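What's counted below: heavy atoms across the whole structure, side chains too, no hydrogens, waters or symmetry copies. If you read the sequence from its start, that first residue is 1, and numbering goes on from there. Ligands are counted one by one from 1 in listed order, and the atoms in each one are counted from 1 as well. Bear in mind the structure is a predicted one, so any value in this text is a computation, not a measurement.
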Amino acid sequence: MATFIVGDVQACLSPLKQLLQLAGFTPEHDQLWAVGDLIGRGPDALATLQFLDGLGASFNTVLGNHDLHFLAVYAGIKKPKPADKFDQLLDSPDCAKYADWLRHRPMATLLNEQCMLSHAGLYPGWSISDALYWGNQVASELQSDNWKTLLDSMYGSEPQAWYDCQSRSQKLVFTINALTRMRFVSDKGYLDFQSKTGLDQSPPGTFPWFSHPQLKLHPHAKVLFGHWAAIEGKTGHSQCLALDTGYIWGGQLSLYELQCGKFYRVGHQ
Ligand SMILES: [Mn+2]
């Protein structure tokens, strides 16, 4: 059995199918995980969810910011924007089924004892156990009757640092931001939500989270993440593997095979 992890699909079904064929993925034997942002901006939101649903128990995902945004639109908290390209999905009789399925996905998971998967990465100062614990707290809330209240509160960017969080609801919103939106983090642990650039343009006083001096990773641990297309799959850190190579922006869709460490890519050159 092989475990594959795919980068941000963002409703681009055709390259996803190409990539699975290229890697020899067979749902009967193999497991496929996604780094989140299954849908959002790309052309085939409904067909992508139909295809992944068809893989049954051989597919799973952690949630990304676009997936959570879709849930907020579905719940009537946010108005859909044309750029989301959710229309066909929202009009589908199966929309409620897919929304319910997404609402029951994890925010972070362990793929084996040492490899964590989340959409944006590991917040500096948190251990992998911290990220899993708080990710599970968010997931439990999303699966509870309070899920709309949580999604309604997530659109703020405050608090920006973990040590500024007082209440449980602040901690849940911070966790969503750290696990799904993080890129640059200040030396004091503040998430920077302004910059989406590559590594050569760090805002003053910030580090990419994977280069942050407070990053806590055991020597054999790994973090797999997506979300940050501008770094083009490069972190310069052997334990932090970036899988969003920006297919939606004219780049490539990436797939990583966990057991052998091999990358597969399709898309634009
Ligand atoms: Mn994202």
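For the pair OD1 of Asn65 and NE2 of His119, the angle whose vertex sits at the Mn ion (ligand 1) is 90° to 10 degrees.
Phe174 and Trp162 have their aromatic ring centers within a separation under 6.0 angstrom.
Asp37 lies close to the Mn ion (ligand 1), since one of its N, O or S atoms is found at a distance under 2.8 Å. Here Thr180 does not reach the Mn ion (ligand 1): none of its N/O/S atoms is less than 2.8 Å from the metal.
Side chain to side chain, Gln10 and Tyr247 fail the donor-acceptor criterion of an N or O pair below 3.5 Å. Counting only N and O atoms by type, the side chains of Asp130 and Tyr123 include no donor and acceptor under 3.5 Å apart. In the model, His69 has no side-chain atom that pairs as donor or acceptor with a side-chain atom of Tyr74 under 3.5 Å.
Of all the N, O or S atoms in His227, the one closest to the Mn ion (ligand 1) is ND1.
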